[in-house]
Amino acid sequence: MNIVARVSDEIETPQVSMEIDPRLVPVLETVRRRNPAEPEFHEAVERVLRTIGPVIDKRPEYLEAKLVERICEPERQVIFRVPWIDDEGRVQVNRGYRVEFNGALGPFKGGLRFDPSVNSSIVKFLGFEQVFKNALTGLPLGGGKGGSDFDPKGRSENEIMRFCQSFMTELWRHIGEYTDVPAGDIGVGEREIGYLFGQYRRITNRYESGALTGKGLGWGGARVRREATGYGTAYFAQEMLRAKGSSICDRTVTVSGSGNVAIYAIEKVQQLGGTVIGCSDSGGYVHDPDGIDLPLLKQVKEVDRARLDRYVQERPGARHVAGGRVWELAAEVALPCATQNELDEEDARKLVENGALVVAEGANMPCTAGAIGTLRAGGVLFGPGKAANAGGVATSALEMQQNASRDSWTFDHTEARLVEIMRDIHHSCYEMAEQAGVPGDYIVGANNAGFVRVADAMLAFGVV
Ligand code: NDP
Ligand code: 2IT
């Protein structure tokens with residue numbers, strides 16, 4: 001039997017994260033009533049409220065000041081029409097969102113997602129998560145999120161550009177380097193940030209680099225930002241294993257998705273000596289027992305923007321399983337890096353049966369509540385997204401620092417900062433879980449550590 005599994009067997013099954021403090025039940029009821037038909041948002045709030053008992057007990061003034069209620073209510077939500085003209089000359093109408101959730105620690109900060117599934121619930125759940133994630137980085141960042149139900153798949157370069165320009169024609173008035181700083185997320189990468197920044201500059205007549213992050217290196221972007229989320233997730237998994245006296249080196253790893261987060265999680269796992277045997281997209285997964293050929297994956301996904309089945313055409317030892325889930329493969333470390341609720345209880349059962357040791361979330365809320373319960377009951381170490389994927393937004397903050405000082409750091413220097421930040425986040429979560437009496441419960445650790453930072457700033461500001 002493996003050391004990690006052996007050690008985690010000795011950890012008492014945490015109870016605290018399962019029971020909601022009765023004083024917080026009315027808060028959850030208000031959130032549900034005020035935001036009807038928003039299941040993802042309810043879920044994200046419930047998960048946090050179920051776990052912040054430890055700090056609420058220690059700091060009754062939080063209840064007095066209604067801080068939990070205030071943190072669950074976004075400061076501002078903007079919903080807008082995004083009209084644009086497609087290549088056939090037809091008018092298209094999408095909906096745009098920006099939810100400025102909490103600005104206690106700094107300008108609102110969080111990505112933009114372009115995907116047909118985007119709605120108020122998705123944007124609010126992401127904005128809510130972002131508040132705690134950004135607090136965990138220890139950097140001056142508030143939390144927000146935005147996006148549109150626009151589907152970039154199959155759209156031409158010109159259509160993407162026209163859509164981005166129309167989106168920014170409304171968004172520009174709500175953002176700015178001291179106000180709200182968007183970045184990428186699903187469906188929004190460097191190309192889209194380029195079109196968005198171009199339109200922002202044109203409308204405002206200001207070269208305000210700090211108004212968006214994830215920019216290209218030639219026009220205000222930061223080294224390592226592209227890699228940061230995936231690298232950070234791999235580093236976080238490495239820290240979780242290290243805390244058990246082990247390492248990711250020589251471990252087998254599966255990664256879901258094959259987008260920005262997934263590709264750079266794979267790259268860093270490989271650099272740390274692990275073997276990634278599978279990755280996926282929404283059409284299925286690839287099993288490559290010899291280890292993913294990263295240059296080939298980048299060619300297929302980043303350059304050709306093709307489907308994953310193209311990968312196996314060039315790689316005889318690999319197979320593509322259309323419609324399958326990568327969690328079918330036996331691996332010691334699993335990194336879900338695709339989207340919310342992509343790893344369910346059944347998947348978790350397979351991971352446990354196949355001897356998984358660690359699951360670290362590169363995506364936001366990829367594991368269902370049932371999956372997390374199954375993983376924990378099975379002795380699997382679990383790293384929640386708000387800690388494990390915080391490297392992306394942390395490096396966005398480093399991009400903002402460089403923009404503010406008109407500086408440009410080297411790759412090595414920036415990566416060293418990222419490593420330090422991920423270690424600090426791991427340490428904060430680990431320590432907070434110990435203090436709460438549930439060692440190894442990174443969910444309790446992350447939620448309490450993030451909550452305290454936001455709540456203390458809000459207390460200092462009074463009722464505003
Ligand atoms: P991308 O758009 O670059 O990639 C998303 C990937 O996930 C694509 O390969 C997509 O495949 C795949 N995918 C979508 N749905 C499924 C599914 N049901 N099963 C398997 N694969 C699927 O997005 P990102 O990599 O930027 O974002 C991924 C996740 O990471 C999101 O949850 C995001 O919120 C989170 N995140 C992103 C950060 C960033 O800096 N970009 C920072 C922190 C978190 P297909 O092309 O077929 O749709
Ligand atoms: O979910 C996330 O943390 C992101 N999409 C990145 C946000 C950012 O502002 O860099």
Side-chain angles (χ1 to χ4, degrees), residues 17-53 56 62-63 66-82 93-104 108 110-133 142-151 167 170-171 174 180 185-187 339-342 344-345 363-373 384-386 443 447 450-451 454-455 458 463:
S17 47
M18 307 321 291
E19 294 299 326
I20 186 163
D21 185 310
R23 292 167 294 180
L24 299 180
V25 170
V27 185
L28 187 57
E29 281 168 0
T30 303
V31 167
R32 290 202 177 114
R33 178 182 50 74
R34 224 179 234 158
N35 305 278
E38 296 191 355
E40 292 84 2
F41 180 46
H42 300 170
E43 174 75 32
V45 171
E46 182 169 349
R47 289 192 194 187
V48 169
L49 298 198
R50 276 185 182 282
T51 51
I52 55 170
I56 298 295
Y62 289 158
L63 287 177
K66 291 265 193 297
L67 273 164
V68 186
E69 285 87 336
R70 284 153 67 190
I71 284 177
C72 290
E73 182 64 20
E75 286 190 36
R76 185 178 298 116
Q77 305 180 55
V78 189
I79 299 183
F80 50 96
R81 180 170 65 209
V82 190
V93 183
N94 286 99
R95 180 174 278 190
Y97 300 84
R98 188 71 184 165
V99 174
E100 298 179 334
F101 220 109
N102 193 301
F108 303 107
L112 297 171
R113 177 177 291 191
F114 291 170
D115 189 84
S117 65
V118 167
N119 56 33
S120 285
S121 177
I122 300 279
V123 179
K124 267 192 243 171
F125 117 65
L126 290 165
F128 184 76
E129 288 285 290
Q130 199 81 48
V131 173
F132 300 93
K133 181 195 307 191
K145 200 83 187 190
S148 174
D149 57 2
F150 172 70
D151 187 356
F167 185 84
E170 172 61 31
L171 188 70
H174 308 290
D180 182 353
D185 193 82
I186 291 178
T339 193
Q340 65 277 350
N341 296 326
E342 51 149 319
D344 65 18
E345 218 170 319
N364 287 306
M365 215 165 79
C367 297
T368 65
I372 295 171
K386 56 172 79 72
I443 303 180
N447 288 347
F451 182 85
V454 181
M458 290 175 77
V463 182

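Here D21 contributes atom CG and T51 contributes atom OG1; the two are 11.0 Å apart, rounded to the nearest 0.5 Å. Atom-to-atom distance recorded for F128:CZ and K145:NZ is 14.5 Å, nearest 0.5 angstrom. In this structure, CG on L24 lies 5.5 Å from CD1 on I56, to the nearest 0.5 angstrom. Note that CZ of F125 and CD of E40 are 7.0 Å apart. Values are rounded to the nearest 0.5 Å. Summarising the geometry, atom CG belonging to L126 is positioned 8.0 Å from atom CD1 belonging to I186; distances are rounded to the nearest 0.5 Å. Note: D185 CG to T339 OG1 = 8.5 Å, rounded to the nearest 0.5 Å.
With sequence neighbours excluded, the residues satisfying side-chain contact (heavy atoms from CB on, under 4.5 Å) with E38 are N35, F41, H42, S120, S121, K124.
Closest of all the heavy-atom pairs between P74 and Q77 is CG-NE2, 3.6 Å. Nearest heavy-atom pair across N119 and Y97 is CA-OH, 3.5 Å. Scanning all heavy atoms of the two residues, the minimum distance from C72 to L49 falls at SG-CD2, 4.3 Å. When every heavy atom of E75 is checked against every heavy atom of G103, the shortest pair comes out as OE2-N, 2.7 Å. When all heavy atoms of F101 and G127 are compared, the pair lying nearest together is CD1-C, 3.7 Å. For the pair C367 and I372, the tightest heavy-atom approach, listed with the atom from each and the gap, is CB-CG1, 3.8 Å.
The aromatic rings of F80 and F167 are tilted relative to each other, their planes meeting at an angle between 30° and 60°.
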Next item on the list: With side chain to side chain contact (heavy atoms under 4.5 Å, CB included) as the test, would you mind laying out the steps for Q130 and K133 before giving the verdict?
Entry: CA-CA 5 Å; Q130 199 81 48; K133 181 195 307 191; 3.7 Å; yes
Note to self: Pair E170, V82 - check side chain to side chain contact (heavy atoms under 4.5 Å, CB included), show working.
What the structure shows: CA-CA 8 Å; E170 172 61 31; V82 190; over 6 Å; no
Next item on the list: For side chain to side chain contact (heavy atoms under 4.5 Å, CB included), just list the numbers for F132 and I71, CA-CA rounded to whole Å, side-chain angles, deciding distance to a tenth of an Å, and then say yes or no.
Entry: CA-CA 10 Å; F132 300 93; I71 284 177; 3.7 Å; yes
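No donor-acceptor pair under 3.5 Å is formed between the side chain of D115 and the backbone N or O of V118. With hydrogens and angles disregarded, a donor-acceptor distance shorter than 3.5 Å links the side chain of D149 to the backbone of R95.
Residue pairs satisfying the salt bridge (charged side-chain N to carboxylate O under 4.0 Å, His left out) criterion with at least one member in residues 24-33, sequence neighbours excluded, are listed as follows: R32-E46.
Looking at heavy atoms from C-beta onward, M458 lies in side-chain contact with N102 at the 4.5 angstrom threshold. You'll find the side chain of H174 stays beyond 4.5 Å of the side chain of R76, heavy atoms only.
Results of the side chain to side chain donor-acceptor pair (under 3.5 Å) test with N447 over K386, R47, R50 single out K386 as the only residue that passes.
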